[in-house]
Engineer: 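I have a structure I would like to understand better, so I am pasting it below and will then ask my questions one at a time.
Side chains included, hydrogens not; waters and symmetry mates left out as well; all remaining heavy atoms used.
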Amino acid sequence: MRTATLGPAQRAEALARMAERELDVLVVGGGVVGAGTALDAVTRGLTTGLVEAADWASGTSSRSSKLVHGGLRYLEMLDFALVREALKERGLLLERIAPHLVKPVPFLYPLRHRLWERAYAGSGVALYDAMSTARGHGRGLPAHRHLTRRHALRVAPCLRKDALTGALQYYDAQVDDARYVTTLVRTAAAYGADVANRARVTGFLREGERVVGARVEDVEAGGEYEIRARQIVNATGVWTDDTQALVGERGQFHVRASKGIHLVVPKDRINSTSGLVLRTEKSVLFVIPWGRHWIVGTTDTDWDLDKAHPAASSADIDYLLDHVNSVLSRPLTRDDVQGVYAGLRPLLAGESEATSKLSREHTVAHPVPGLVVVAGGKYTTYRVMAKDAVDEAVHGLDQRVADCVTEDVPLVGAQGYRALWNARALTASRSGLHVVRVEHLLNRYGSLAEEVLGLIAGDPGLGAPLTGADDYLRAEVVYAASHEGARHLDDVLTRRTRVSIETFDRGTRCAREAAGLMAPVLGWEADQTEREIERYAKRVEAERESQRQPDDLSADAARLGAPDIVPLN
């Protein structure tokens with residue numbers, strides 16, 4: 001299939017096209033649910049638009065635990081339907097939709113009690129595996145296994161001997177959440193959807209009671225567009241209530257923000273060949289393999305402060321360190337923490353008894369004619385949420401519309417990925433890159449890695465690693481700006497790559513080089529380039545300062561000390 005390029009010219013053209021005609025569906029919100037909704041709608045043959053106020057996945061969808069999982073702990077809550085649904089989606093993502101982006105990952109669950117806990121937890125993991133294979137999905141993952149303490153310590157020598165009597169090992173999957181969303185957006189665009197980031201909805205158009213469109217501000221170039229659509233889908237996550245307020249209507253439910261923070265530490269600080277799952281007094285704590293790092297998380301606390309920049313406090317960091325150190329023979333310290341990020345989960349909170357128990361489950365509503373709202377849910381089940389949202393929108397369209405087909409629609413880069421993976425040594429020889437570099441590109445871009453290699457063929461200097469962040473090639477920065485919709489330095493260092501959480505300097509060392517690579521692609525003058533570098537440095541310092549604060553209120557105030565990006569052009 002053809003691929004879509006999300007460069008500056010394509011963005012401007014998409015905004016103009018959306019304003020020229022009435023769309024069938026306009027999706028507001030460029031997180032995983034919004035992007036998935038746009039793909040679902042356009043692959044049913046509907047004229048579709050997608051707008052996002054900031055960058056793709058700039059909210060919750062870039063700040064998750066990076067897991068694609070069924071939710072083992074929901075079995076304990078007897079929520080079998082949610083687990084079954086999520087496990088089916090996990091299998092589809094691994095096997096069919098995005099094998100280049102979603103990868104299996106092992107987890108070790110230490111047991112503290114000798115008999116009853118092994119029987120109890122073991123039966124839960126056995127049911128988890130059985131549910132994953134019942135519908136033919138997930139058969140590619142290894143089955144769980146019971147380990148003695150000696151065997152568990154060979155798998156994870158980092159554990160204290162007195163922290164376990166044995167263990168269970170099982171498999172789930174992981175994903176670079178922000179990269180996945182960008183790929184979803186590109187796939188929707190490849191099928192004909194018009195997509196634009198940095199395009200903020202400032203109001204809705206009404207004809208009587210009916211919502212017939214939206215006023216959209218071009219945050220980059222200025223100006224406002226009126227985009228008319230027969231149905232609008234509000235998929236704005238933790239901003240759902242704010243978006244609904246633009247309509248002037250109260251919904252049947254509200255979305256409550258719950259803050260979760262994660263720490264990123266170097267791989268050599270935790271000696272293990274498997275991820276870890278630890279029980280806490282409130283939930284579970286994950287230690288997740290992440291390239292040359294580990295991700296440790298997460299917390300779960302109410303957040304009613306700034307939604308765009310949730311801040312991790314010193315208390316949050318101490319909470320995670322205390323819990324993970326309770327099982328480690330060599331405790332982590334603050335100095336081991338390379339990166340910290342905080343995200344907000346959109347939890348449903350109803351105004352009536354019927355909706356107050358919705359929690360992590362998603363819901364879809366049609367509060368006024370022409371407007372559909374989808375909220376709640378979890379990353380793994382985004383495709384189901386998107387299907388339900390489009391199904392609801394279809395009820396308001398006076399035409400016959402095809403059923404959802406996204407179960408059988410691979411994302412761009414998936415087609416040909418396995419063949420290219422098998423031939424990676426040949427690609428390395430042809431390109432002059434080390435085979436490890438080729439593997440890195442294939443696992444980030446799939447078959448679209450050929451486009452990145454094309455940039456290097458045209459300019460061999462782009463095949464060099466980024467100074468201070470040598471996991472990434474210079475070509476990836478250029479590609480992010482030219483093909484993946486990156487508009488600012490923060491977009492590249494925080495979401496198209498993970499430099500901002502994978503280096504001790506949080507990306508400040510490579511910021512000037514990265515900005516210099518982006519400048520010619522985006523048409524930046526020298527003053528714009530300098531402003532991008534300066535603002536990124538201020539953002540990093542504000543985040544560091546917030547992480548020194550004792551509580552949420554002071555952490556939020558410190559984080560807001562960094563100004564938001566205001567482009568010059």
Side-chain angles (χ1 to χ4, degrees), residues 62-69 101-110 142 147 151-160 163-164 167 169-179 261-278 284-298 312 317 320-341 434-444 465-473 476 493-495 497-510 547:
S62 62
R63 307 176 191 184
S64 74
S65 297
K66 325 298 184 203
L67 291 178
V68 172
H69 62 136
L101 300 175
V102 181
K103 304 294 180 181
V105 60
F107 284 102
L108 194 73
Y109 179 83
L147 305 180
H151 192 173
L153 290 172
R154 285 203 301 267
V155 173
C158 60
L159 295 174
R160 285 190 1 232
L164 73 164
Q169 188 173 50
Y170 72 98
Y171 277 76
D172 256 318
Q174 66 179 163
V175 67
D176 184 327
D177 48 7
R179 170 146 298 283
I261 82 147
H262 296 81
L263 311 180
V264 182
V265 300
K267 192 77 168 183
D268 61 4
R269 282 300 287 111
I270 299 177
N271 183 11
S272 177
T273 58
S274 174
L276 305 175
V277 182
L278 312 173
V284 294
L285 182 111
F286 289 99
V287 179
I288 306 161
W290 184 255
R292 295 199 292 175
H293 304 84
W294 297 95
I295 292 176
V296 180
T298 180
I317 295 171
L320 290 181
L321 288 176
D322 288 346
H323 279 81
V324 74
N325 284 340
S326 70
V327 300
L328 295 180
S329 58
R330 186 175 157 217
L332 298 174
T333 69
R334 284 291 189 103
D335 291 338
D336 294 316
V337 178
Q338 277 190 318
V340 181
Y341 66 93
H434 193 282
V435 68
V436 173
R437 294 288 188 189
V438 174
E439 290 174 350
H440 162 87
L441 295 177
L442 288 171
N443 285 329
R444 281 171 53 76
L466 198 58
T467 303
D470 60 4
D471 280 348
Y472 301 96
L473 300 179
E476 295 181 76
L493 298 184
T494 304
R495 286 172 291 278
T497 70
R498 293 300 188 165
V499 172
S500 67
I501 60 172
E502 293 175 351
T503 59
F504 274 112
D505 60 84
R506 310 281 172 97
T508 54
R509 184 180 169 197
C510 69
Q547 291 154 21

Engineer: Starting from the C-alpha separation in whole Å, work towards a yes-or-no answer on side chain to side chain contact (heavy atoms under 4.5 Å, CB included) for D176 and L101.
Structural biologist: CA-CA 7 Å; D176 184 327; L101 300 175; over 6 Å; no
Engineer: Check whether D172 reaches the backbone of H69 with its side chain - one donor and one acceptor, N or O, closer than 3.5 Å.
Structural biologist: no
Engineer: Hey, could you give me the CG/CG distance between L321 and L328, rounded to the nearest 0.5 Å?
Structural biologist: 10.0 Å
Engineer: Using the side chain to side chain contact (heavy atoms under 4.5 Å, CB included) rule, take F107 and L67 through it: C-alpha gap first, then chi angles, then the decisive distance, then the call.
Structural biologist: CA-CA 12 Å; F107 284 102; L67 291 178; 3.7 Å; yes
Engineer: Verify, without hydrogens or angle tests, whether N325 (side chain) and L332 (backbone) share a donor-acceptor contact under 3.5 angstrom.
Structural biologist: yes
Engineer: Pick out which of H440, E502, R498, R437 makes a side-chain hydrogen bond (donor to acceptor under 3.5 Å, both in side chains) with Y472.
Structural biologist: E502
Engineer: Kindly write out the residues that satisfy side chain to side chain contact (heavy atoms under 4.5 Å, CB included) with S274, not counting sequence neighbours, or none if the list is empty.
Structural biologist: P106, L108, V155, Q169, S272
Engineer: If we only count heavy atoms from C-beta on, is the S326 to L278 side-chain gap below 4.5 Å?
Structural biologist: no
Engineer: Can you name the nearest heavy-atom pair linking P157 to N271, along with the distance?
Structural biologist: CD-O, 3.1 Å
Engineer: Return the minimal non-hydrogen interatomic distance between V296 and L285, and the atom names on each side.
Structural biologist: CG1-CD2, 4.2 Å
Engineer: First locate atom CD of E439, then atom NE2 of H434, and finally report the distance between them rounded to the nearest 0.5 Å.
Structural biologist: 9.0 Å
Engineer: Please assess C510 against L493 for the test side chain to side chain contact (heavy atoms under 4.5 Å, CB included), listing each intermediate value before the final yes or no.
Structural biologist: CA-CA 9 Å; C510 69; L493 298 184; 4.0 Å; yes
Engineer: Do the side chains of R509 and V499 get nearer than 4.5 Å, heavy atoms only?
Structural biologist: no
Engineer: Considering only heavy atoms from C-beta outward, does the side chain of I288 approach that of K66 to under 4.5 Å?
Structural biologist: no
Engineer: Checking the side chain of S500 only, and the main-chain atoms of R506 only, is there a donor and an acceptor separated by less than 3.5 Å?
Structural biologist: no
Engineer: What distance separates I295 CD1 from F286 CZ, expressed to the nearest 0.5 Å?
Structural biologist: 12.0 Å
Engineer: With under 30° as parallel and over 60° as perpendicular, where do the rings of Y341 and H262 fit, or are they tilted in between?
Structural biologist: parallel
Engineer: Which pair of heavy atoms, one from Y109 and one from V277, lies closest together, and at what distance?
Structural biologist: CD1-O, 3.6 Å
Engineer: Identify the two heavy atoms, one from A152 and one from A167, that lie closest to each other, and give their separation to 0.1 Å.
Structural biologist: CB-CB, 3.7 Å
Engineer: How close do I261 and A312 get, counting heavy atoms only, and between which atoms?
Structural biologist: CG2-CB, 3.9 Å
Engineer: For the residue pair D268 and R330, what are the closest heavy atoms and their distance?
Structural biologist: O-NH1, 3.8 Å
Engineer: Please evaluate residues R444 and D471 with respect to the criterion salt bridge (charged side-chain N to carboxylate O under 4.0 Å, His left out), reporting the C-alpha separation (whole Å), side-chain torsions for both, the decisive distance (0.1 Å), and the verdict.
Structural biologist: CA-CA 12 Å; R444 281 171 53 76; D471 280 348; over 6 Å; no
Engineer: Report yes or no: does W290 contribute a side-chain atom to a donor-acceptor pair with the main-chain N or O of V264 at less than 3.5 Å?
Structural biologist: no
Engineer: Do L276 and L159 come close enough that some side-chain heavy atom pair is under 4.5 Å?
Structural biologist: yes
Engineer: Heavy atoms, side chains only, cut-off 4.5 Å: are L153 and L164 in contact?
Structural biologist: yes
Engineer: Would you check if P289 and K267 make a side-chain contact, meaning some heavy-atom pair closer than 4.5 Å?
Structural biologist: yes
Engineer: With rounding to the nearest 0.5 angstrom, report the CZ to OG1 distance, R269 to T333.
Structural biologist: 6.5 Å
Engineer: Find out whether R154 and T273 are in side-chain contact, i.e. whether some heavy atom of one side chain is under 4.5 Å from a heavy atom of the other.
Structural biologist: no
